[in-house]
Each structure stands twice: as C-alpha cells, then as structure tokens.
Amino acid sequence: MVTTRELAIAVSVIDASLDDYPLTLEELQESLVGSPQTVAEVLSVYEGSELLQTVIERRDGFFFPAGQGDLIDERRRREARSRAFLDRHALLLRLVCSLPFVRLVALSGRISRLNLEAGGDIDLFIVTRGRHVWSTAAAVRVLARILSRRCMVRAKVIVDDQHLELEPRDPATAAQLLHLKPLVGAHVLRDLFAANTYVAHLYPNAAAWGADQTREPNADRGMALAQTMLELLMGLPSPLIEAACRRLLGGGDTLIEMPPRLPYSNDLFEIFPDLPGHRLRTAEEQVRRVHQQVEEFRERTRINIDRQRAAAARVRNSVARRRRR
C-alpha cells in the first residue's frame, strides 16, 4: 500500500524534475504538497520505502527521478549561469530596489532557485506602497532598456500593499510565492503569506518560512536614503504620474503575468489522494501513475540527448568540410 507521505515525496521530486531541478533534502521537505513532515521524517520515509527507491534516486545530496543523474550537473551549470546573470545586472537590480514607493523586490520564477536556462530572463515580484503599480512598471522597463542589451530583467508581478491576494489560488501561484527570494523588504513576505493562506495549506512545511528573518538581506543605507529622497520629491505629482503610466501601459490595480504551468495542473492532484474534491485512487493506480511519469521523463531525456548528438554531428561535418577546402 502506497502511503500519503510516499506519494508526496514522489510528486515533489517528479514535479521539480520538469524544470530539470533535482532537490536537496531541505528543498524536498519544504516543497511537499499537503504532507507535513520534518526533514528527518522525509529521510526516514524514503529510506524505508522500496517503491520510492525504485522511482527516485538520491545521490550527492540530491533527489531526482531514477535514471536522471545528469540533472545534478545541469543544476550546477544553471546555478553558475544564474549567479553570473545576477552579477551582470547587479546595478540594475539595485536601482529597481531604490525606486520610490517600493516595499518588496524579490526574485521570482527560475532565477529565484538559481535555475536559469540559457537565454532566460530575470523575473521580479514587486510590492509597492500604495497605488504605484504602473509607474513602477514603467520605471523598471525604462531602466532595463537603458542598462540591458536586451530586456533580461522583467517585472512579472507588481501589486500594491492593499492588493496582496493573488489569483488564481492554485499550486502554480502558491509555488511562485513559496520560492520568492527577496532582494529588499523581506519582512513584507509575512504580509504576503498572511493574505494568501492557501500557500500554507498546500505547502504546510513552508508555514514558518514566511517569518524567517534570517532571509532578510543586509540593508543598504545609501539605497534607503535615495529612495526616501525620491519619495519626497515625487509625493505630490505621484498620482498624476501613476494615472499617466496606467493609461499608457493599460491595466487595473495589479500587473500579473503568471500563466499556469502544466506541472501544476490538476494532474498533480490526481496522483495525490488526500486533497479535497478529488476521487481517491487505488494503490495500483498510484504506482502506475508514478512509473508512467518516470518513463515520460526518461523518453524526454533520450530525445534531448539525440538532438544534442545530431547537432554535434552537424558541427563536426561542417568543420570537416571547411578543412577539406
């Protein structure tokens, strides 16, 4: 009989692998959907489950679907790429954090987990003080175009501190909030999590994370002073500026570009039997579903390897033709 805890571990590891992202033990524990477990309990469940050890491998401190050990090296490559991108755009990010009326600037999406693909963008999640969503959006776009060769830094979500409840209230949005990495204003995460309590229901092991002050970056006094001065200068004309930017860019009270990703569709709930509103599945169905997903991942890996080999062969043939000339 497959237990709820075993399913939660398998689902989290498989889901993360869709982003080519093997999980550490702590990351696995934090990302368990609907299954409160300590780090020690996660490890105990894994080590005591033949099923999990069949479909999930553990090596070098990472958990990943069986047969996909190459994800470890890929994660390290992407982490190095992500850090290089952050260093390259450090000035731009500091300026965004200094924008007037900004309470929170956080890395979002792939960059928040240092999992940036080649050619990827740095996505930001921003909370403003009062109604300054569209003027902030305009400022970020202007800064990005001035300081970037192409728009590698994007404000994907901007909300004001009176509109912190995000829709849709689904696993995709919850995962987006769960993995935010604040650059400034980490204390605002408490308000954000309080306004989106479904995140703690879906990810019960992350409930304490919203109040984790160890994640607060060191304050920059110069940046704070510059922000205060800008707010004083723009205090009176700010409503007119906001109205003009809102009319120019178009939109309502928030700017949200968070299309649901397939990994967070109802498919996840179909293989997790204890979430409300969905029928229970037999143990055989659960095992078959996990094995099916693992086979799909292996097939995708095989296709990617074949494409890489074909590309390498084309390069070798091209070099050989040039040498003959």
Side-chain angles (χ1 to χ4, degrees), residues 2-79 82 107-115 171-181 193 198-210 212 214-215 261-264 267-275 286-287 289-291 293-294 296-298 301:
V2 181
T3 68
T4 300
R5 289 186 169 189
E6 289 174 319
L7 279 177
I9 292 171
V11 168
S12 293
V13 172
I14 291 172
D15 184 56
S17 72
L18 294 175
D19 286 333
D20 298 325
Y21 193 77
L23 297 173
T24 66
L25 177 58
E26 291 74 16
E27 290 166 344
L28 173 56
Q29 186 258 351
E30 182 183 68
S31 64
L32 293 178
V33 177
S35 180
Q37 299 183 46
T38 65
V39 170
E41 288 172 336
V42 172
L43 190 57
S44 176
V45 171
Y46 176 78
E47 291 179 343
S49 171
E50 292 184 7
L51 170 63
L52 282 181
Q53 293 180 37
T54 299
V55 298
I56 304 296
E57 289 185 38
R58 181 185 180 220
R59 175 158 42 93
D60 297 338
F62 294 101
F63 292 83
F64 49 88
Q68 296 203 28
D70 59 311
L71 292 183
I72 297 176
D73 290 336
E74 179 63 20
R75 169 168 172 163
R76 290 168 177 160
R77 284 191 293 269
R78 292 189 181 189
E79 182 173 339
S82 299
L107 300 177
S108 179
R110 287 182 176 269
I111 190 62
S112 68
R113 306 180 82 177
L114 299 179
N115 190 38
T173 306
Q176 193 94 355
L177 294 174
L178 175 69
H179 299 304
L180 290 178
K181 293 297 184 294
F193 272 64
Y198 66 94
V199 177
H201 291 298
L202 283 172
Y203 297 100
N205 302 318
W209 180 89
D212 186 355
T214 63
R215 300 195 179 206
R261 298 189 307 128
L262 289 178
Y264 296 105
D267 228 18
L268 185 150
F269 289 86
E270 289 178 7
I271 63 174
F272 199 88
D274 288 348
L275 293 180
Q286 296 164 15
V287 173
R289 180 63 180 171
V290 171
H291 279 287
Q293 290 203 341
V294 171
E296 290 173 356
F297 301 145
R298 286 176 174 168
T301 300

Which residues share a side chain to side chain contact (heavy atoms under 4.5 Å, CB included) with Gln29, sequence neighbours left out:
Val39, Val42, Asn205
How long is the straight-line distance from CG of Leu71 back to CD of Glu57, given to the nearest 0.5 Å?
10.0 Å
How close do Leu25 and Phe63 get, heavy atom to heavy atom, and via which atoms?
CA-CE1, 3.8 Å
Is Arg76 salt-bridged to Glu79, going by a charged N under 4.0 Å from an acidic O?
no
Ile56 backbone acceptor or donor facing Tyr46 side chain under 3.5 Å:
yes
Do Phe193 and Leu180 have side chains that get closer than 4.5 Å, going by heavy atoms?
no
Any side-chain heavy-atom pair from Arg75 and Thr24 closer than 4.5 angstrom?
yes
Nearest 0.5 Å, what's the OG-CG distance between Ser12 and Leu28?
6.0 Å
Measuring only between side-chain heavy atoms, which start at C-beta, is Arg78 closer than 4.5 Å to Arg113?
no
Quick check: closest heavy atoms across Asn115 and Asp20, and the distance to 0.1 Å?
OD1-O, 4.1 Å
Taking side chain to side chain contact (heavy atoms under 4.5 Å, CB included) as the definition, give me every residue that meets it alongside Glu41, ordered by chain and number, with sequence neighbours left out.
Arg5, Gln37, Thr38
Contact summary for Gly48 and Gln53, nearest pair of heavy atoms:
N-NE2, 4.2 Å
Would you mind reporting whether Val55 and Pro65 have side-chain heavy atoms less than 4.5 Å apart?
no
Drop me the distance from Ser31's OG to His179's NE2, to the nearest 0.5 angstrom.
6.5 Å
CG of Leu51 to CG of Leu7, rounded to nearest 0.5 Å, is 8.0 Å
So, taking the atom named CG in Leu23 and the one named CG in Leu32, what distance separates them when rounded to the nearest 0.5 Å?
9.0 Å
For side chain to side chain contact (heavy atoms under 4.5 Å, CB included), just list the numbers for Arg58 and Leu43, CA-CA rounded to whole Å, side-chain angles, deciding distance to a tenth of an Å, and then say yes or no.
CA-CA 10 Å; Arg58 181 185 180 220; Leu43 190 57; 3.5 Å; yes
Between Tyr203 and Val33, is any pair of side-chain heavy atoms under 4.5 Å apart?
yes
Find out whether Phe64 and Arg59 are in side-chain contact, i.e. whether some heavy atom of one side chain is under 4.5 Å from a heavy atom of the other.
yes
What one should report as the nearest heavy-atom pair of Leu107 and Ser112 is O-CB, 3.3 Å
